[in-house]
Amino acid sequence: MSAPETYTGNRGLQMEEPLIFEADSPGLCGVDFPDADITSDRLGGVKREGDIGLPGMAEPQVVRHYLRLSQKNYSIDAGFYPLGSCTMKHNPRLNEKLARLPGFAGLHPLQPETTTQGALELIDATAHWLSVLTGLPGVAMSPAAGAHGEFAGLMTIRAALEDRGDARKRVLVPESAHGTNPASAHACGYAVESIPANDRGRVDLDAFRAALDTDVAALMLTNPNTCGLFEDEIIEIAEAVHEAGAFFYCDGANFNAIVGRVRPGDLGIDCMHINLHKTFSTPHGGGGPGSGPVVLSEALTPYAPVPYVVRDGNRFRLIEDEGASDAKPFGRIKGFHGQFGVFVRALAYMMSLGADGLKQVAEDAVLNANYLMASLEDVLSAPFAGPCMHEVLFDDRFLADSGVSTLDFAKAMIDEGFHPMTMYFPLVVHGALLMEPTETESKAALDSFIGTVRSLAEKAKAGDAELFHEAPHLTPRRRLDETAAARKPVLRWLPPED
Ligand SMILES: Cc1ncc(COP(=O)(O)O)c(C=O)c1O
């Protein structure tokens with residue numbers, strides 16, 4: 001089977017790179033050390049007895065070895081990265097530059113407040129922007145990621161309920177929510193109840209109303225949801241939640257689709273985490289760092305975790321101690337102030353775009369996803385009618401009887417020079433392919449991606465299954481353990497048993 005001729009990726013991806021030990025050139029060294037003239041035994045008798053076995057290499061060899069290894073990583077700086085639910089967008093270099101300013105990068109978290117006024121002001125200003133954009137007055141800045149924000153939000157809700165003597169036991173989580181939502185609710189000690197999606201990919205209102213009672217602490221809705229759809233019955237949902245005396249939690253990690261257009265507080269949301277690393281700059285992926293501030297309604301604000309920044313005349317103070325104010329914080333969930341470098345990038349992003357620029361981010365992200373949907377729906381299969389929001393969902397019906405699975409299709413994308421889309425998530429549909437183009441891709445980039453997906457879909461339908469089963473052909477490592485077992489249908493998510 002010959003490799004696809006349309007490959008456009010980096011050639012570095014195709015070449016084998018030996019281990020640095022295999023490239024050993026004995027005797028070579030990147031630096032010349034002078035002979036040691038220290039005669040006294042400064043290590044208290046500890047001596048190296050033999051060779052430590054480092055490979056011999058000149059400096060250029062070392063540099064080239066690591067550069068070639070780094071080129072084997074696919075990255076947003078190298079090409080289009082349509083990973084749904086992840087917002088892999090271009091992050092302006094300006095924000096990186098600002099985060100590296102010595103006054104920010106060199107701060108120590110234990111410095112006295114008198115020497116960190118600028119940093120505290122930056123945290124306060126970032127919180128202020130988040131509050132204005134979401135229409136919610138309280139902001140807890142310390143959570144270190146989206147899921148951490150979910151946990152912090154639910155702990156805040158639990159503290160508010162307990163304070164009114166109303167220790168409720170259940171949290172409702174729609175099937176179209178992000179997978180971290182049921183996990184966070186469970187970690188917070190709640191019984192999780194799954195609410196099915198309707199045939200439009202949104203919350204099934206009847207099932208939701210049937211599950212709602214006075215034992216429900218919160219509904220955790222992801223909006224836009226993981227099918228890339230806006231929950232258009234959100235006002236009815238909010239009213240029902242509040243009538244039952246519960247709190248309305250929103251997973252706001254997909255805020256990129258609505259920022260500047262909709263204020264979640266106006267929709268009746270009481271508590272929402274924001275993934276700064278998805279919406280407001282900071283490269284997403286590679287294990288962090290992220291940041292998941294939580295915005296809170298007036299009723300929940302007193303229970304937010306410490307620490308938080310308050311303005312006191314011309315000074316800024318960091319409140320770290322539960323007794324220091326009238327608030328009733330549920331406690332602390334993170335050492336120090338939160339992910340400060342991510343705050344710098346977020347504030348730089350918001351200030352450089354401004355209110356109109358942020359609104360355009362949302363509009364362009366949604367426009368790009370709908371362009372993909374309109375350009376691909378005749379060759380792929382879209383389970384739900386559009387328009388979609390910032391990401392577009394397809395299922396695997398278009399692959400029926402082709403012998404090609406979602407996994408095979410995604411692997412074939414690698415040979416074509418593209419990072420695959422998100423596969424098998426969300427679980428609401430079979431064999432999901434979730435694509436998020438983001439607002440930072442050009443029409444030319446999208447057209448090239450569309451051309452590739454169309455051509456692969458046609459090859460799959462034409463019975464060229466073997467090409468897909470063996471993909472990727474052009475990477476130094478092919479498939480690892482992702483063969484037959486991984487092609488089995490994925491089970492729908494089930495709530496944990498009590
Ligand atoms: C909708 C949604 N919610 C929550 C999360 C969890 O965020 P994190 O990975 O920062 O914990 C993600 C991840 O990107 C997400 O897409």
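Remember, it's 1-based here, ligands and their atoms both numbered in the order they're listed. When reading the values below, keep in mind they use all heavy atoms of this one structure, side chains included, and skip hydrogens, waters and symmetry mates.
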Ligand 1 polar-atom proximity to protein (N/O, under 3.5 Å):
residue: ligand 1; atom: 3 (N); partner: His178; partner atom: ND1; Å: 3.4
residue: ligand 1; atom: 3 (N); partner: Asp251; partner atom: OD1; Å: 3.1
residue: ligand 1; atom: 3 (N); partner: Asp251; partner atom: OD2; Å: 2.6
residue: ligand 1; atom: 7 (O); partner: Asn275; partner atom: ND2; Å: 3.1
residue: ligand 1; atom: 10 (O); partner: Gly146; partner atom: N; Å: 2.8
residue: ligand 1; atom: 10 (O); partner: Asn275; partner atom: ND2; Å: 3.4
residue: ligand 1; atom: 10 (O); partner: His277; partner atom: NE2; Å: 2.7
residue: ligand 1; atom: 11 (O); partner: Gly146; partner atom: N; Å: 3.3
residue: ligand 1; atom: 11 (O); partner: Ala147; partner atom: N; Å: 2.8
residue: ligand 1; atom: 14 (O); partner: Ser85; partner atom: O; Å: 3.3
residue: ligand 1; atom: 16 (O); partner: Ser85; partner atom: O; Å: 2.9
residue: ligand 1; atom: 16 (O); partner: Ser85; partner atom: OG; Å: 2.9
residue: ligand 1; atom: 16 (O); partner: Lys278; partner atom: NZ; Å: 2.7

Sequence neighbours excluded, which residues qualify as ring-ring contact (aromatic ring centres under 6.0 Å, His included) partners of Phe398?
Phe409

Can you list every side-chain hydrogen bond (donor to acceptor under 3.5 Å, both in side chains) pair that touches residues 211-227, not counting sequence neighbours?
Arg170-Asp213, Asn181-Thr222, Asn225-Glu231

side-chain contact (heavy atoms from CB on, under 4.5 Å) partner of Leu172, chosen from Ile195, Val241, Val203
Ile195

Which residue pairs pass the side-chain hydrogen bond (donor to acceptor under 3.5 Å, both in side chains) test with at least one member in residues 262-276, sequence neighbours excluded?
His242-Asp270, Tyr249-His273, Asp251-His273, Arg263-Asp266, His273-Asn275, Asn275-His277

Salt bridge check: are Arg332 and Glu320 linked by an N-O gap of less than 4.0 Å?
yes

Parallel, tilted or perpendicular: which fits the ring planes of Tyr81 and His419, with parallel below 30° and perpendicular above 60°?
parallel

